[in-house]
Amino acid sequence: MAREKLKLRRIDNTAARQVTFSKRRKGLFKKAEELSILCDAEVALIVFSSTGKLFQFSSSSMKETLDKYSGHSKDHDGPDHKPATPLDLNIEQTNCEELSKKVASASLQLKQMRGEELDKLSVVELQQLENKLEEGLSRVLNRKGQLMMEQIDGLRQKLFLKFLTQGMALEDENRRLRQQVVQISMAGRPASNDTENTQIEEGQSSESVMTALHSGSSQDYNEDSSDTSLRLGLSCAGWK
């Protein structure tokens, strides 16, 4: 829905008029400053309030700007100054009309692309508009897919680097654990050899003890047998 233009007229209320003057003056000075900065233009602005108070803004020097303006006005108002001919005015008016038509046509196309003001379009024109929209949508989807693939590739690279770093850390940890195991095993070997030697010596000593016991018992048995035979022999001789 088009916005209605408000008719400009003098504000009757004095307080409201003063407030509006202050706000609009600040906005005007701000726009002048932006124009001078963005376009590298030399701007000088003079404003007198209804009470006769002076307000001014200058991007460089007010006096130099006024002197330049005075000299420029004299040059244009001098005897060599040629006024614009009706032909030049017609050409400028024609150019302005063409530019206005181009702006209006571009604005209408933009509204139709957004789905507005389609009542005056025919079926062929609607089909052409649909084809344009499909082409634009296809380009948008292609660009979107390209950006998504780039993001996915970036995430893959980050994950690969992360896993590679973790794998290297795990490999270092495994290598350290292997070294610790080897050191522990090397430190435990002499103790096991001493234990085995001790067990062997204990085994030998027990075998020697058993051998001695067996030999002692057999010797005692032989002595007892000889004593018995002797005693039996003596008794047999007495009988005879």
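- Side-chain contact check for L54 versus V47: every heavy-atom pair is 4.5 Å or farther apart.
- The two residues L118 and Q112 make their nearest non-hydrogen contact at CD2-O, 3.8 Å.
- F29 places a side-chain heavy atom less than 4.5 Å from the side chain of F55.
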Checklist line | side chain to side chain contact (heavy atoms under 4.5 Å, CB included) between Q183 and M186, worked out | finding: CA-CA 5 Å; Q183 291 176 359; M186 292 297 293; 5.8 Å; no
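- S105 contributes no side-chain N or O that, together with a main-chain N or O of K101, makes up a donor-acceptor pair within less than 3.5 Å.
- Note that CD of Q128 and OG of S122 are 7.5 Å apart. Values are rounded to the nearest 0.5 Å.
- The shortest side-chain heavy-atom distance between Q56 and L45 does not fall under the 4.5 Å cut-off.
- In this structure, S61 OG and K68 NZ are separated by 10.0 Å, a value rounded to the nearest 0.5 Å.
- In summary, the side chains of T65 and E42 do present a donor paired with an acceptor at a separation below 3.5 Å, with no hydrogens or angles considered.
- Between E33 and K30 there is no salt bridge, since no side-chain nitrogen of the basic residue lies less than 4.0 Å from a carboxylate oxygen of the acidic one.
- Under the 4.5 Å side-chain heavy-atom criterion for ILVMFWY residues, no single connected hydrophobic cluster contains both F57 and I46.
- The pair R176-D172 does not count as a salt bridge, with every side-chain nitrogen at least 4.0 angstrom from each carboxylate oxygen.
- Proximity of F21 to V19: side-chain heavy atoms (C-beta onward) are nowhere separated by under 4.5 Å.
- Between the CD atom of E64 and the OG atom of S58 there is a distance of 8.5 Å, given to the nearest 0.5 Å.
- Two residues are said to be in side-chain contact when any heavy atoms from C-beta on lie closer than 4.5 Å; E135 and S138 fail this criterion.
- Taking CD1 from I11 and OG1 from T20, the interatomic distance works out to 3.5 Å, rounded to the nearest 0.5 Å.
- Taken to the nearest 0.5 Å, the CD atom of E130 stands 11.0 Å off from the CG atom of L137.
- Tracing side-chain contacts under 4.5 Å through hydrophobic residues (I, L, V, M, F, W, Y), one reaches L66 starting from F48; they form part of the same cluster.
- Shown here is R17, whose CZ atom has more than 12 heavy atoms of other residues, nucleotides or ligands within 6.0 Å.
- With respect to K102 and E98, no salt bridge is recorded, no charged nitrogen being found less than 4.0 Å from a carboxylate O.
- The neighbour count for N131 CG, taken as heavy atoms of other residues, nucleotides or ligands under 6.0 Å away, is above 12.
- Counting all heavy atoms, side chain and backbone alike, A41 lies closest to S59 at O-OG, 3.7 Å.
- Side-chain contact check for V123 versus Q127: every heavy-atom pair is 4.5 Å or farther apart.
- For the atom pair D67 CG and K63 NZ, the distance stands at 4.5 Å (nearest 0.5 Å).
- Open room surrounds CZ on R156; 12 or fewer heavy atoms of other groups in view lie less than 6.0 Å from it.
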